[in-house]
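Since the model is a prediction, treat every value here as computed from it, not as a measurement. Residue numbers run from 1 in the order of the sequence given.
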Amino acid sequence: MTTTRIDMVRRANRRKTESLDALEDKNDATRAPRELPDEGANPENLVVGPMLSEPVQRALNALPEEFRAVVALADMEQLDYADVSRVLQVPIGTVRSRLHRGRALLRKSLAAYVENPHD
């Protein structure tokens with residue numbers, strides 16, 4: 001049930017739509033055309049993404065579910081603490097503590113992939 005709710009929030013946040021017909025005003029010929037955002041892939045993500053995705057995905061999968069859900073919603077879906085709290089139906093303090101612990105576990109799991117400037 002938690003996964004289903006997380007998926008619902010992801011879909012809702014991913015696609016914000018508004019009718020182009022409703023924005024069109026045929027009486028105002030001087031109005032500037034509406035610009036649509038480019039939702040194409042970021043070039044940096046195309047290069048770096050595949051290198052990081054497998055280790056990060058393994059590290060995320062290794063997290064206990066309670067930490068994984070909070071990290072996914074807060075860091076990956078960029079929901080604020082109040083939204084994460086509502087989705088998971090836990091107090092904000094619990095969101096903060098789980099996020100802190102989840103990030104610490106991820107940091108420990110991914111330490112081997114980070115270059116140490118002191119070496």
Side-chain angles (χ1 to χ4, degrees):
M1 195 155 83
T2 301
T3 304
T4 303
R5 179 66 179 143
I6 291 170
D7 289 342
M8 287 172 51
V9 171
R10 285 179 181 164
R11 279 191 296 271
N13 288 335
R14 194 176 304 141
R15 299 283 182 217
K16 303 273 189 224
T17 60
E18 56 185 308
S19 171
L20 293 176
D21 293 332
L23 295 174
E24 189 176 296
D25 183 4
K26 295 181 181 180
N27 294 332
D28 188 3
T30 61
R31 193 175 78 194
R34 172 113 176 160
E35 291 189 27
L36 300 176
D38 180 12
E39 295 183 11
N42 179 343
E44 181 181 355
N45 290 342
L46 289 173
V47 175
V48 178
M51 293 187 297
L52 294 178
S53 63
E54 187 178 333
V56 171
Q57 191 61 51
R58 275 197 313 263
L60 277 170
N61 290 340
L63 287 178
E65 174 61 30
E66 61 191 12
F67 300 133
R68 183 173 50 242
V70 173
V71 169
L73 291 172
D75 290 339
M76 297 166 70
E77 297 300 323
Q78 299 180 343
L79 297 180
D80 61 29
Y81 293 172
D83 290 337
V84 175
S85 173
R86 262 192 310 280
V87 169
L88 298 178
Q89 298 179 349
V90 296
I92 289 181
T94 302
V95 169
R96 289 182 178 140
S97 66
R98 287 181 184 176
L99 187 57
H100 176 75
R101 290 178 187 153
R103 286 175 177 166
L105 290 169
L106 280 175
R107 192 175 303 115
K108 186 177 180 182
S109 296
L110 297 171
Y113 297 97
V114 178
E115 292 181 29
N116 189 349
H118 300 292
D119 285 345

Minimum heavy-atom separation for E66 and R98, please, with both atom names.
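That would be O-CD, 3.7 Å.
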Atom of L110, atom of A59 and distance for their closest heavy-atom approach
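Scanning both residues, the minimum pair turns out to be CD2-CB, 3.8 Å.
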What I'd like to find out is whether the side chain of L105 reaches to under 4.5 Å of the side chain of P64, using heavy atoms alone.
yes
Taking R68 for the side chain and A62 for the main chain, is one N or O donor matched with an acceptor at less than 3.5 Å?
no
Treating S85 as the side-chain partner and Y81 as the backbone partner, does any N or O pair qualify as donor plus acceptor under 3.5 Å?
no
Measure the spacing between CD1 of I92 and CG of D80 and express it to the nearest 0.5 Å.
8.0 Å
About how many Å separate CG of L106 and CZ of R101, when rounded to the nearest 0.5 Å?
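Result: 14.5 Å between the selected atoms.
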Any residue meeting salt bridge (charged side-chain N to carboxylate O under 4.0 Å, His left out) with R86, in chain and number order, not counting sequence neighbours
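For R86, the residues satisfying salt bridge (charged side-chain N to carboxylate O under 4.0 Å, His left out) (neighbours in sequence not counted) are D83.
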Partners meeting salt bridge (charged side-chain N to carboxylate O under 4.0 Å, His left out) with D75 (sequence neighbours left out)
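Residues passing salt bridge (charged side-chain N to carboxylate O under 4.0 Å, His left out) with D75: R103.
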